[in-house]
Amino acid sequence: MEAISISRRAAQLGQRNWSVDEILALYALPFMDLVFRAQTEHRKHHAPNEVQLSSLLSIKTGACPEDCAYCPQSSRYDTDTPTEKLLPVQEVLEAARKAKASGAQRFCMGAAWRSPTARQIDAVAELVAEVKALGLETCVTLGMLKDGQAEQLRDAGLDYYNHNLDTSPEFYGSIITTRRYQDRLDTLARVRNAGINVCCGGIVGMGESRRDRAGLIAELANMAPYPESVPINNLVKVPGTPLAGEADIDPFEFVRTIAVARITMPRTVVRLSAGREQMDDSLQALCFMAGANSIFYGDQLLTTANPQVLRDQALFERLDIVPAGMSSAKMPLDAEAPIANDLEYATAHAAH
Ligand code: SAM
Ligand code: DTB
Ligand code: SF4
């Protein structure tokens, strides 16, 4: 019953199915054509100069039994990442208050678990309720969920659950052997069925081929409905992890991936996620041009560095970007005529 209404919702959204070859054809467009098309699509559904801000906190760090080859928190690799138990409520709330004061709209809490126990879910549900009471949107990423756990988190006030597919089904086995792609899809279905917004994306720069990147995007875009939030991470190469020596991906290939995500999932919020610390301002601007409209905001991701808040504020000022929810202009949803929306937006910002 639930599954039927969910795919009906996908149909109502006008969602179509994408083959990997069709997505590869988008990737193969001349760069300027691709970015132009992505920006045009972006303007039909989103305010063109708004970027959503999410802050991230690792509430339980390291000692994870999984073997994700990119991850500094896996117990299998010798990294400098410290191990920490679940943080006390007050410490989490202090970080959430600080995030709110610096302008974040959403607070995301990450735990290095394969799959949380009932007691761990009880503890996180309490955190979710407290963070929500501060007036922030809530998001958690805790690993694989069992039946009933998503509903418990929803009842505590959870808005988003992050669970990434990471890469294509074909490349997945070269990166993670301790859980299957299908396990990830099962957790995503539990989240969707509980009525929580799905945040699901992946990582580029792990040595995958362009076909793998297209395969990841196809998996995401063909979910019915596709995720509300799609984080695109550029691999952060952490010494001690198996992927530490991986070659850098061409930055324009990264921008192409953002553009292809925007075109295939026009209404989603595409997050320019990990890897911004290693990007210069021009590359980030190009990512926004290609349709990215969310970032992680705050000096730290989970265990690695993120650009300083002051640097992000300066970048936004130079680009005339405003944090989502802070603009007086309305989101031009369901727009048929992007140009009219641009005019409406420009008028609302005339004094800017
Ligand atoms: N343990 C949970 C899980 O794997 O679902 C939640 C935390 S996990 C660290 C969340 C996501 O962070 C991963 O799925 C991966 O996409 C991303 N991530 C982890 N290490 C990364 C790295 N070095 N570079 C880029 N993204 C990374
Ligand atoms: C996501 O896609 N990226 C975030 C968040 N979801 C949880 C995590 C990035 C982690 C980068 C490596 C680290 O800081 O440990
Ligand atoms: Fe554990 Fe998540 Fe890191 Fe994988 S990505 S090792 S599941 S914390």
Side-chain angles (χ1 to χ4, degrees), residues 54-77 79-84 86 106-116 120 124 138-145 160-167 171-172 175-181 183-188 190-191 198-208 216 220 227 229-246 248-249 254 257 261 269-279 292 294-307:
S54 293
S55 284
L56 195 51
L57 177 70
S58 181
I59 56 169
K60 185 270 165 186
T61 308
C64 182
E66 301 283 81
D67 69 351
C68 313
Y70 48 76
C71 188
Q73 302 200 67
S74 166
S75 62
R76 298 168 190 240
Y77 314 131
T79 66
D80 289 339
T81 307
T83 297
E84 279 170 23
L86 187 62
R106 190 176 309 154
F107 192 66
C108 308
M109 296 170 269
W113 289 320
R114 167 179 163 80
S115 183
Q120 288 164 341
V124 174
T138 54
C139 174
V140 296
T141 179
L142 314 172
M144 294 179 285
L145 296 180
Y160 288 80
Y161 194 88
N162 167 246
H163 199 60
N164 291 337
L165 288 178
D166 283 340
T167 190
F171 193 63
Y172 187 85
I175 300 297
I176 300 159
T177 68
T178 47
R179 55 175 146 66
R180 293 164 308 144
Y181 212 75
D183 295 326
R184 294 243 128 188
L185 293 170
D186 291 348
T187 288
L188 291 165
R190 290 188 172 101
V191 172
V198 172
C199 173
C200 181
I203 311 180
V204 299
M206 300 194 291
E208 75 285 346
L216 166 69
L220 297 169
S229 166
V230 173
I232 305 290
N233 296 277
N234 200 356
L235 175 70
V236 180
K237 291 176 245 181
V238 181
T241 60
L243 299 182
E246 208 47 64
D248 281 344
I249 188 176
F254 185 81
T257 304
V269 172
V270 176
R271 182 172 305 125
L272 169 56
S273 298
R276 283 199 309 119
E277 175 71 351
Q278 291 73 31
M279 293 177 194
S294 169
I295 57 168
F296 281 123
Y297 179 66
D299 308 345
Q300 178 95 351
L301 289 166
L302 290 175
T303 66
T304 65
N306 199 40

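Remember, it's 1-based here, ligands and their atoms both numbered in the order they're listed.
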Revision key, fill the gap. Check: of I203, T304, N164, V236, min heavy-atom distance to atom 26 (N) of ligand 1 comes from I203
Review point. Can you check whether a protein heavy atom sits less than 4.0 angstrom from atom 12 (O) of ligand 1?
Key: no
Review point. Under 2.8 Å from atom 3 (Fe) of ligand 3, is there an N/O/S atom belonging to C68?
Key: no
Check your understanding: Looking at P231, which atoms of ligand 2 are within less than 4.0 Å of one of its heavy atoms?
Key -> 2 (O)
Practice item. Distance to 0.1 Å, residue and atom name: give those for the protein heavy atom nearest to atom 8 (C) of ligand 2. Key: L302 CD1, 3.9 Å
**Study point:** Check: R276 main-chain N/O paired with N306 side-chain donor or acceptor under 3.5 Å
**Key:** no
Check your understanding: Tell me, which protein residue and heavy-atom name are nearest atom 6 (C) of ligand 1, and how many Å apart are they?
Key -> T141 OG1, 3.1 Å
Review point. Which option out of L57, T303, D166 puts a heavy atom nearest to atom 15 (O) of ligand 2?
Key: T303
Exercise for review: For A274, counting its heavy atoms only, list the atoms of ligand 1 lying under 4.0 Å from any of them.
Suggested key: 25 (C)
Check your understanding: If you count the atoms of ligand 3 from 1 in the order shown, which ones are under 4.0 Å from a heavy atom of A112?
Key -> 8 (S)
Point to revise | ligand 2 N/O within reach of N162 N/O, cut-off under 3.5 Å | key: yes
**Study point:** Shortest non-hydrogen contact from P231 toward N162
**Key:** CG-ND2, 3.9 Å
Check your understanding: Does any donor atom in the side chain of D67 or T177 lie under 3.5 Å from an acceptor atom in the other side chain?
Key -> yes
**Study point:** M144 backbone acceptor or donor facing S115 side chain under 3.5 Å
**Key:** yes
Check your understanding: Nearest to atom 2 (Fe) of ligand 3 by heavy atom, R114, R179, Q73: which?
Key -> R179
Review point. Who's the nearest protein heavy-atom neighbour of atom 3 (N) of ligand 2, and how far?
Key: N233 OD1, 2.9 Å
Practice item. Check each heavy atom of M144 against ligand 1 and say whether those closer than 4.0 Å belong to the side chain, the backbone, both or neither. Key: neither
Practice item. Heavy-atom contacts with N164 under 4.0 Å: which atoms of ligand 2 show up? List them by number with element. Key: 1 (C), 2 (O)
Check your understanding: Going by heavy atoms in the side chains, are V124 and W113 under 4.5 Å from each other?
Key -> yes
Practice item. Consider ligand 1: state whether an atom of it lies below 4.0 angstrom from any non-hydrogen atom of G143. Key: yes
Review point. Has ligand 2 got any nitrogen or oxygen that is less than 3.5 angstrom from a nitrogen or oxygen of Q73?
Key: no
**Study point:** Side chain E277, main chain G275, donor-acceptor under 3.5 Å
**Key:** no
Check your understanding: Got N234 and D248 here, is their nearest side-chain heavy-atom distance under 4.5 Å?
Key -> no
Exercise for review: Check each atom of ligand 2 against the heavy atoms of T141 and keep those under 4.0 Å away; list them by number with element.
Suggested key: 7 (C)
Point to revise | Flag side-chain contact, heavy atom, 4.5 Å: V204 against N233 | key: no
Review point. Would one find an N or O of L142, backbone or side chain, under 3.5 Å from an N or O of ligand 1?
Key: no
Review point. Taking the minimum heavy-atom distance to atom 14 (O) of ligand 1, which of L145, D166, L243 ranks first?
Key: D166
**Study point:** Exam field: side chain S75 to backbone C64, donor-acceptor pair closer than 3.5 Å
**Key:** yes
Point to revise | Side-chain heavy atoms of L142 within contact of K60, under 4.5 Å | key: no
Review point. For M109, is the nearest heavy atom under 4.0 Å from an atom of ligand 1?
Key: no
Review point. Does D166 reach the side chain of Y70, with side-chain heavy atoms less than 4.5 Å apart?
Key: yes
Check your understanding: Nearest protein heavy-atom contact for atom 1 (N) of ligand 1: which residue, which atom, what distance?
Key -> W113 O, 3.2 Å
**Study point:** Taking atom 3 (Fe) of ligand 3 as the reference point, the nearest protein heavy atom with its distance
**Key:** C71 SG, 2.3 Å
Review point. Hey, is atom 1 (Fe) of ligand 3 within less than 2.8 Å of some N/O/S atom on C64?
Key: yes
Review point. At a 4.0 Å cut-off, with the gap strictly under it, does some heavy atom of A111 reach an atom of ligand 1?
Key: yes
Exercise for review: For atom 8 (S) of ligand 1, find the nearest protein heavy atom and state the residue, atom name and distance (0.1 Å precision).
Suggested key: L302 CD1, 4.5 Å
**Study point:** Residue and atom name of the nearest protein heavy atom (relative to atom 4 (C) of ligand 2), distance in Å to one decimal
**Key:** F296 CE1, 3.6 Å
Review point. Heavy-atom distance to atom 5 (O) of ligand 1: which of R184, Q73, R179, K60 wins?
Key: R184
Practice item. Starting from atom 21 (C) of ligand 1, find the nearest protein heavy-atom neighbour and note its residue, name and distance. Key: Y70 CD1, 3.7 Å
Practice item. Determine, using heavy atoms of Y70 and all atoms of ligand 2, whether some pair is separated by less than 4.0 Å. Key: no
**Study point:** Closest approach of Q73 to T81 (non-hydrogen atoms, all atoms of both residues)
**Key:** CG-CG2, 4.5 Å
Check your understanding: Does a side-chain heavy-atom distance below 4.5 Å link L145 with P116?
Key -> yes
Point to revise | Side-chain touch R179/E66, heavy atoms, less than 4.5 angstrom | key: yes
Exercise for review: State the atoms of ligand 3, each with its element, that fall below the 4.0 Å cut-off from a heavy-atom position in E66.
Suggested key: 1 (Fe), 4 (Fe), 6 (S), 7 (S)
